[in-house]
Amino acid sequence: MDFYKIKGGKKLNGEVAVSGAKNAALPIIVASLLADGETVLSNVPNLMDIKTITRVIECLGAETDYDAEKNVLRIRVENLRCAEVPYDLVKTMRASVYVMGPMLARLGIADVSLPGGCAIGERPIDIHLAGFEALGAEIDIEHGNVVARARKMRGANFIMKKVSVGATVNLMMAAVLAEGETVLENCAMEPDVVDLGRFLVKMGAKINGFGTERIVIQGVKKLSPASYSIMPDRIEAGTYLLAGAITRGDVKVNRMEPDHIGALRETLGEMGFRIENGKDWTRIIPATKLTGAYIKTLPYPGFPTDLQAPLMSLLTTVPGISVISETIFENRFTHVGELRRMGASIDVEGNMAIIKGVKRLSSAPVMMSDLRAGAALVLAALAAKGTTEIRRIYHSDRGYEKLTEKLLGLGADIERVKGGTF
Ligand code: UD1
C-alpha cells in the first residue's frame, strides 16, 4: 500500500485549483438513472468514490465511459434493471444507497445491501426509508439487504426528523417521477443538494425550494437526459485554505465558490487570518497574531463536520485554548489519537474536544482512519518538525483529487511512496 512522506515546516505559497465536488457528483451520477439516453457530466473528479458509484450504476444496467484527463463522465441508460447492489460496494461507500430513490421511481423496486456502522458513527438510513414509505413503498430487510417495493410512488408530505443530506437527495430522486405533489420538510440545505436540484430541473423535473428547508416537487411522467457541470468541491477548497493557514503561508484557492465556505472563512477571520475573496477564489494571508476558536459543527450553512478534523489540526498549532463541539456524527474524533502522537494537546469529553495550542507539532508515523481524518494528518504533517509517514492513504484517495500534485504546486515537500508494509 502507498504511503505519504511529508517533510514539514515549509510555508505553502501560490495558487491551487479546486476539483469538482465529490458529494455533489455522487447523487448526480445516480440521478442519471432517472432517464433513458445519454447523460454527459463534466468536472467529475477522478476519485475512488466516483469509481465505486459508477460500478454501482453499472450493476443496474447503465454503461459508463470516464475520461479522467478531461473529467468527463458519459452515462448511457437503456436497459435499467433491478439487481442487487452488493455489500462489497456498499461497505466501501455508503452513498451507494442513493440508487434506491431512482430505482423506486422508475421500476418500483430497489434491492441494496444495508450499510452497517462506519468509522465515524452508526449512520443509520432510517430517514431515507421512512421517506420511501411515505411515498408508498414497503420496506423489508432480507438477508442483510434492504428491499423496497412500491406498486406506485405517490406524492406525500414528509418531515425529516433530523437534517440529513443523504435522505434529502434520495427522497428528491424518489419523488420526481411520483404521482402528484411531494413536500419535504426539514431538508438539508447543503450546496450539494442544490447542485442535484439544478441537474434534476435540467432533466425536466419540477422542483422548487432546494437550498431551503422545504422542497416542493410536482411529479412528472418522464425525464430526459441532460449535460451538466458539477460544482466545485467546498471541502477540498477549505482543506487547501487550512493548509495555507497551518503553514502560515499565502494560498489562493481558485475555481471555487467563496459563499459555500462562509462558516470557515468567518472562523479563520476571527482567529486573526486575513481572508480575501473574489468571484471564484479565496485567499488566505498569514496573520501576525492568532487566537483560538470555539466552533460547533452544524448542518449547512453552519460549520461543516467534514472540515472539523482539518480545522482541529490548525487549532493544535494556535496559542491558547480552542473548543470543537461535534454535533453531526458521534464518533468523529478518530484523528485525535494520531494528532496526539504528533505532539498535539487535545482532551476529549463526550462530543467536545478541548485543544491547547502547542509551539510546534513533531513528526511521527501515523495512520488515516477516514477521509477527513486523513486530511487532518496531512495538514499536521505539513506543519510538523521532521518527516511524517502517513499510512492507509486510500482514505484520502476517496476524496482528494491529485492531492500530491496540488500540494507540490504550493511548495510542499510531499512524496507518495509506492508500496509499504501495512
Ligand atoms: C453527507 C456527506 C458527508 C457529510 C455529511 C454531513 C455525502 C456522500 N456525504 O453524509 O461527507 O459528513 O453529509 O454533512 O454527501 N442520520 C440518521 N438517519 C438517516 C440519515 C442520517 O439518523 O436516515 C443521521 C446521521 O447518522 C448523522 C446525521 O443524520 O448523524 C447527518 O447525516 P447525513 O446528513 O445523512 O450524512 P450523509 O448524507 O451520510
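No hydrogens, no waters, no symmetry mates; every other heavy atom, side chains included, goes into these values. Order of appearance sets the numbers: ligands from 1, and atoms from 1 within every ligand.
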Please confirm whether T168 approaches ligand 1 to less than 4.0 Å, judged on its heavy atoms.
no
Salt bridge flag under 4.0 Å for residues D192 and R234
yes
For ligand 1, is any non-hydrogen atom under 4.0 Å from I328's backbone (N, CA, C, O), its side chain (CB onward), both, or neither?
both
State whether the side chain of R265 and the backbone N or O of P258 hold a donor-acceptor pair below 3.5 Å, judged by distance alone.
yes
Give a yes/no verdict on whether any heavy atom in R123 is under 4.0 Å from an atom of ligand 1.
yes
Taking 4.0 Å as the limit for heavy-atom contacts, which would you say applies to T305 with ligand 1: side chain only, backbone only, both, or neither?
side chain
Can you tell which of D397, L403, I6 makes a side chain to side chain contact (heavy atoms under 4.5 Å, CB included) with R416?
D397
Looking at I29, V90, N170, L60, which hits side chain to side chain contact (heavy atoms under 4.5 Å, CB included) with V99?
L60
Looking only at heavy atoms of R332, does any of them come nearer than 4.0 Å to an atom of ligand 1?
yes
If hydrogens are left out, which of M93, K162, E330, K161 has an atom nearest to atom 29 (O) of ligand 1, that is, the closest non-hydrogen atom?
K162
Option with minimal heavy-atom separation from atom 16 (N) of ligand 1, where the choices are P124, A24, A188:
P124
Only residue of K402, K22, K406, R398 satisfying salt bridge (Lys or Arg N to Asp or Glu O under 4.0 Å) with E236 is K406
Using a strict 4.0 Å threshold on nitrogen-to-oxygen distance, state whether R214 and E185 make a salt bridge.
yes
With atoms numbered from 1 as shown, which atoms in ligand 1 lie under 4.0 angstrom from a non-hydrogen atom of H128?
23 (O)
Answer yes when R74 and D67 have at least one side-chain N-carboxylate O distance shorter than 4.0 Å, and no when they do not.
no
Atom 17 (C) of ligand 1: which of L298, D126, I125 has the nearest heavy atom?
D126
With heavy atoms under 4.0 Å as the rule, classify the contact between A167 and ligand 1 as side chain, backbone, both or neither.
neither
